[in-house]
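Numbers here simply count residues along the sequence, with the first being 1.
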Amino acid sequence: MEKGNKRKLLKLVGVLLVLVAIIEVSFAYFLVNLNGTKKYVLTVNSLRIYLDESKNVGDIVSGSKNIPVTDKEGKETTPYLFSIVNEENFPVTYTIYLDEDDDSTTPIYGLRYNLTMNEESIDKTEGIEDLGTKGNRVLHSTTIPGNTTYNYTLKIWLGLNAGNDCKGTKYSGHLRIEGEQNGEVYQDTVLNGTDPVLTDNLIPVKIESDGVVRRASLYDEWYNYENKLWANAIVLEDKTKEVKVEEVIPESDIQSYFVWIPKYSYQLWNLEEYSSITNMDSSKIHTIPIRFGTENTTDAKEGECTTPTSGNGNCKVYDYMTHPAFLSFDSTGFWVGKFESGYKGATSIETAQVNSSDSTKLQIKPDVYSWRNITVGNAFKVSYDYLRNDESHMMKNTEWGAVAYLQHSEYGSSVNVEINNNNAYKTGYASVISPTLGYNAGASIPGNLNGTTPDVTLSYNTKFGYKASTTGNITGIYDMSGGAWEYVTGYNIDANTVGGSSELTSIYGDFFTNSRWEKYYDQYSNAEVDASKYQTGLLGDATREMGPFGTVKDPDGSSRYRTSWYGDLAHFVYPVNPWFGRGGVWIYGVASGVFAFGSSSGRVSTIFSFRVVLTP
């Protein structure tokens with residue numbers, strides 16, 4: 001893959017507040033207050049450069065005898081400390097400006113300063129007026145190498161040349177940093193502009209085959225979808241913690257893992273509107289053709305169609321159609337929780353069964369207890385509140401479908417994803433022996449083994465664990481087959497009770513009446529008490545396109561509806577159970593899978609969890 005040709009101008013304003021107060025006819029009580037106790041982060045394409053003012057504790061009062069002083073005396077005053085930190089591998093050229101604020105009244109000619117920077121042996125003293133004109137007063141300009149910190153001291157005082165017009169005035173100003181990347185940010189050309197979108201909360205990482213996590217450089221290849229290496233990012237427990245490129249990030253420092261799903265269109269293969277159970281047809285299984293890109297498909301182009309909101313619209317078999325998961329938020333992709341949502345602090349199956357809306361308890365990590373026994377309403381609120389600035393939300397049914405189709409394309413594993421058969425609901429596990437049988441009330445039997453021991457189930461960072469990933473390697477998404485059922489926001493508007501048992505309306509009273517919520521859930525209509533009315537499924541959600549549908553008799557003696565794709569469960573939403581669940585649960589053995597779907601009232605259930613998506 002090639003690297004994109006991008007050079008970005010970086011700008012950052014730090015809150016360095018400089019106040020000069022001259023409050024009597026004489027120059028007595030002259031004060032310079034240098035305030036600033038924060039760290040300001042500049043991020044462009046996630047190249048991070050810090051203006052770090054946090055080394056100052058409280059207000060620093062600078063002044064010698066509180067009167068105009070000589071340069072020698074001025075240089076002996078208390079310094080203001082700040083740093084420039086470059087966490088990337090590549091150098092950044094930057095310039096530090098000293099700007100006065102609009103309310104500053106002190107004549108510039110009377111002010112002197114001293115700037116030191118040990119790394120380049122700088123010790124400069126002169127008048128602020130000598131720095132240039134207003135808006136272009138340059139304190140320093142240089143290039144900082146990658147993974148380097150430059151430390152500065154700044155002192156400001158009133159010089160001996162200050163006249164009477166400086167009396168009774170004040171000076172206030174701030175630091176401004178501008179810079180330019182000296183490297184080219186990596187881009188995967190196969191993605192056609194749908195590369196990962198990073199934010200201050202998301203740190204790009206590379207995950208080694210054994211699970212070791214290192215911060216990735218934006219200038220090096222850290223994902224490659226053609227090679228089935230999907231982009232990963234993490235959220236830290238302490239979001240202010242600095243992590244250098246290639247630095248190992250301890251698991252204890254990580255709060256959540258996310259994987260990037262780039263925007264794409266896919267080639268339609270099945271427009272049938274199934275309304276009953278017939279016979280399964282495994283010949284329907286194929287590698288789904290996908291095209292990445294930022295543009296939406298349209299009826300106006302040959303071989304394409306506009307994505308319909310229901311039914312088939314003007315689409316034909318073999319047309320390419322923009323996947324609907326990318327349209328609600330008008331995004332070029334979204335981040336998906338790498339694992340089922342976990343409950344922070346849980347030490348057992350039971351302690352992770354909590355019906356709460358406390359988003360601070362959310363964690364998305366391997367080898368933790370899946371957060372279950374939670375209503376759709378509380379799962380939605382936890383997800384929605386988690387990272388609001390990054391448009392966090394509970395996974396939609398179509399978003400699940402987008403991951404499923406990408407998994408079964410040339411850019412994913414394109415095989416049946418192994419089940420997580422860990423019966424303690426631990427995240428990121430995979431069955432050592434693939435199941436061949438379905439539901440048996442949870443009993444472990446040959447053909448549907450489950451448990452917690454390594455002869456039955458192994459973690460995500462093993463050769464068996466990789467099979468439970470959407471890519472067949474450690475960069476993919478886990479727990480999409482088995483583990484716990486996952487509630488998604490796909491809802492039957494013909495529910496017997498508005499919202500079913502989700503309790504959504506008790507949290508958001510206008511959820512089903514205010515259009516602002518519509519982008520957060522997919523709507524279906526099935527007024528019949530029948531879980532086989534697949535015809536109202538949406539293109540792209542991995543429900544009706546997985547037909548035709550049949551039945552399979554499970555070891556418990558009951559027959560259950562199945563898809564043509566690997567015989568995954570296929571129970572559509574209906575009025576009593578208006579909410580979709582996806583992926584199945586470890587109990588269901590071979591019937592669990594990426595293409596499995598079921599229905600529920602949205603109530604608490606010890607076998608249901610949920611997943612979080614970010615659309616920055």
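Under a 3.5 Å cut-off, the side chain of D188 and the backbone N or O of D195 do not form any donor-acceptor pair. Checked by atom type and distance alone, the side chain of D319 pairs as donor or acceptor with a backbone atom of K316 at under 3.5 Å. Looking at T427, its side chain never comes within 3.5 Å of a backbone N or O of S370 through a donor-acceptor pair. Side chain of T306 to main chain of D299: a donor-acceptor pair is present (N/O by atom type, distance under 3.5 Å, no hydrogens or angles). Put simply, the side chain of T297 gets close to the backbone of C305: a donor and an acceptor are under 3.5 Å apart. With N448 contributing its side chain and P435 its backbone, the two residues share no donor-acceptor pair below 3.5 Å. A distance-only check finds a donor-acceptor pair linking the side chain of E304 to the backbone of T298 [under 3.5 Å]. Within the 3.5 Å criterion, the main-chain N or O of T452 finds no donor-acceptor partner in the side chain of T457. Counting only distance, with no hydrogens or angles, the side chain of E545 and the backbone of G540 share a donor-acceptor pair below 3.5 Å. Remark: the backbone N or O of Y343 is not paired with any side-chain donor or acceptor of K361 at under 3.5 angstrom.
The shortest heavy-atom contact between W371 and V354 is NE1-O, 2.7 Å. Considering all non-hydrogen atoms of both residues, S341 and V612 come closest at OG-CG2, 3.8 Å. Residue V432 comes nearest to F464 through the heavy atom pair O-CE2, 3.5 Å, listed as atom of the first residue, atom of the second, then distance. Taking each heavy atom of V417 and A468 in turn, the nearest pair found is CG1-O, 3.5 Å. Closest of all the heavy-atom pairs between G465 and Y478 is O-CE2, 3.2 Å. Across every non-hydrogen atom of T497 and Y491, the tightest pair is O-OH, 4.0 Å.
Using a 4.0 Å cut-off between charged side-chain N and carboxylate O, E391 and K519 make a salt bridge.
For W335 and F258, the distance between ring centers is not under 6.0 angstrom. Ring centroid separation for the pair Y588 and Y439 comes in under the 6.0 Å cut-off. Taking the centre of each ring, Y405 and W269 come in below the 6.0 Å mark. Taking the six-membered ring for Trp, Y384 and W517 have ring centres closer than 6.0 Å. Here Y186 and Y223 bring their ring centres to under 6.0 angstrom of each other. Less than 6.0 angstrom separates the ring centroid of F512 from the ring centroid of Y521. Taking the six-membered ring wherever Trp is involved, the centroid distance between the rings of F334 and F329 does not fall below 6.0 Å. Checked against the 6.0 Å centroid threshold, F608 and Y487 count as a close aromatic pair.
Note that K533 lies outside the cation-pi zone of F572, set by a 6.0 Å cut-off to the ring centre and a 45° limit from the axis. Note that K228 lies outside the cation-pi zone of Y411, set by a 6.0 Å cut-off to the ring centre and a 45° limit from the axis.
For the residue pair S481/E418, the side-chain donor-acceptor check at 3.5 Å is not satisfied. A donor and an acceptor atom, one from each side chain of D390 and N201, are located under 3.5 Å apart. Residues Y425 and Q353 have side chains that never bring a donor and an acceptor to within less than 3.5 angstrom of each other. Checked by atom type, the side-chain pair S414/T287 shows a donor-acceptor distance below 3.5 Å.
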Exercise. Could you walk me through whether K396 and S328 pass the side chain to side chain donor-acceptor pair (under 3.5 Å) test, one step at a time?
Key: CA-CA 11 Å; K396 298 170 62 176; S328 296; 2.9 Å; yes
Practice problem: Might you work through the ring pair (Phe, Tyr, Trp, His ring centres under 6.0 Å) test for F610 and F380, ending with a clear yes or no? | Solution: CA-CA 9 Å; F610 63 101; F380 183 91; over 10 Å; no
Practice problem: I would like to know whether I364 and R611 meet side-chain contact (heavy atoms from CB on, under 4.5 Å); could you show each step before the answer? | Solution: CA-CA 9 Å; I364 304 170; R611 197 176 294 251; over 6 Å; no
Quiz item: How far apart are the C-alpha atoms of N232 and K338, what are their side-chain angles, what is the distance that settles it, and do they pass the side chain to side chain donor-acceptor pair (under 3.5 Å) test?
Solution: CA-CA 8 Å; N232 282 245; K338 189 175 180 73; 2.9 Å; yes
Quiz prompt | side chain to side chain donor-acceptor pair (under 3.5 Å) between S564 and D281, worked out | solution = CA-CA 5 Å; S564 287; D281 180 5; 5.9 Å; no
Practice problem: Check the pair V403, M395 against side-chain contact (heavy atoms from CB on, under 4.5 Å), reporting the backbone distance first and the verdict last. | Solution: CA-CA 11 Å; V403 178; M395 193 175 209; 3.8 Å; yes
Practice problem: List the steps, then state whether side chain to side chain donor-acceptor pair (under 3.5 Å) holds for Y524 with D494. | Solution: CA-CA 8 Å; Y524 299 83; D494 292 316; over 6 Å; no
Exercise. Dump the intermediate steps for side-chain contact (heavy atoms from CB on, under 4.5 Å) on S413 and Y466, then the final yes or no.
Key: CA-CA 10 Å; S413 64; Y466 304 152; over 6 Å; no
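Environment of CG in D510: crowded, with over 12 heavy atoms of neighbouring residues, nucleotides or ligands closer than 6.0 Å. A 6.0 Å sphere centred on CG of N314 holds no more than 12 heavy atoms belonging to other residues, nucleotides or ligands.
Atom-to-atom distance recorded for N270:CG and K284:NZ is 5.0 Å, nearest 0.5 angstrom. Here OG1 of T489 is found 6.5 Å from CH2 of W579. Values are rounded to the nearest 0.5 Å. Atoms CD1 and OG, on I587 and S444 in that order, are 12.0 Å from each other to the nearest 0.5 Å. The OG atom of S532 sits 8.5 Å away from the CG atom of N526 when rounded to the nearest 0.5 Å. Here Q523 contributes atom CD and L538 contributes atom CG; the two are 9.5 Å apart, rounded to the nearest 0.5 Å.
A search for side-chain contact (heavy atoms from CB on, under 4.5 Å) contacts involving E350 returns S348, not counting sequence neighbours.
Side-chain contact between L539 and T307: absent, with no pair of heavy atoms (C-beta onward) separated by less than 4.5 Å.
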